[in-house]
Amino acid sequence: RVERRLCRRLLAGGSEGHHHRCFRSSVHHLPIMASKVVVRGSKYRHLFGQKPKLEDCWQNVKVSRSAWEGNFIKANSKYVSVAWEHPSGAGAVCVMPLNMPGKISESSPPLLGGHKGPVLDFDFHPFDDSLLATAAEDTSIMLWKIPEEGIPSPLQTPLLTLKGHMRRVGTATFNHVAEYLLASATAAPSTSLSS
């Protein structure tokens, strides 16, 4: 009876400073109350993040602030590319070698900058790591061949320019099965396939 009264007091919140445990009894059917902290078992609880070293990061990156739902960063096995915020408002993509992180030159960043409007989307060719397609607000798609030695200074002339859309091109994606097949779409209800 005493045990039952103490457990009722603890359950009702009127413990009055008593720190007793209630144990389940087959006669009284009282709940078990223990002063044990329950920790959820997680496979990630012993993992801790580490701040990356500056020599392993790219610095001076100016990501585009264009209001579109595209990807502003893409990578393949050789390069990392970022949609670049160009001071003139023209579209550009910065292409950096994957194995050479560090500071990006502010005077001559490795840019592909032939578009007249902001770049909205870009994609690497799945079978050729040095081929990049860029789509922009200027209604054009440009195909770029990245030189083996990298981009020492900004490039302005693409390998090929595709025109035919009437509105800004928001998406450009290579097919991952068929080689050299590119799909593009605009804000208008139109889609284009190029090979």
Is the shortest heavy-atom distance from the side chain of [X] to the side chain of [Y] under 4.5 Å?
X      : Y      : value
Leu98  : Lys78  : no
Leu132 : Phe122 : yes
Leu182 : Asn175 : no
Leu120 : Glu137 : yes
Trp58  : Val80  : yes
Ile146 : Leu155 : no
Met96  : Val82  : yes
Pro101 : Glu55  : no

Exercise. Under a 4.0 Å N-O cut-off, is there an ion pair linking Asp123 with Lys74?
Worked result: yes

Problem set entry | Glu85 and Lys62 ion-paired at < 4.0 Å | no

Under a single-linkage definition using a 4.5 Å side-chain heavy-atom cutoff for Ile, Leu, Val, Met, Phe, Trp and Tyr, are [X] and [Y] assigned to the same hydrophobic cluster?
X      : Y      : result
Val61  : Ile151 : no
Leu160 : Ile141 : yes
Val95  : Leu111 : no

Problem set entry | Under 3.5 Å side-chain donor-acceptor pair for Ser64 and Trp84 | no

For this session: Verify whether one side chain among Ser130 and Lys145 offers a donor that lies under 3.5 Å from an acceptor in the other.
Result: yes

Problem set entry | Proximity of Phe127 and His176 rings by center, below 6.0 Å | no

Quick check: closest heavy atoms across [X] and [Y], and the distance to 0.1 Å?
X      : Y      : value
Gly114 : Met142 : O-CE, 3.3 Å
Phe174 : Pro126 : CB-CD, 3.5 Å
Pro109 : Pro154 : O-CG, 3.5 Å

Value rounded to 0.5 Å, distance of [atom1] in [X] from [atom2] in [Y]:
X      : Y      : atom1 : atom2 : answer
His165 : Arg168 : NE2   : CZ    : 13.5 Å
Thr139 : Met166 : OG1   : CE    : 8.0 Å
Thr173 : Leu181 : OG1   : CG    : 11.0 Å
Leu131 : Trp144 : CG    : CH2   : 12.0 Å

Exercise. With distance as the sole test, does Asn76 use its side chain to make a donor-acceptor pair with the main-chain N or O of Asp129 at under 3.5 Å?
Worked result: yes

For this session: Ignoring hydrogens and angles, tell me if any N or O in the side chain of Asn60 forms a donor-acceptor pair with the backbone of Ile104 under 3.5 Å.
Result: yes

For this session: Look at the aromatic rings of Phe124 and Tyr79 and report parallel, tilted or perpendicular, splitting at 30° and 60°.
Result: parallel

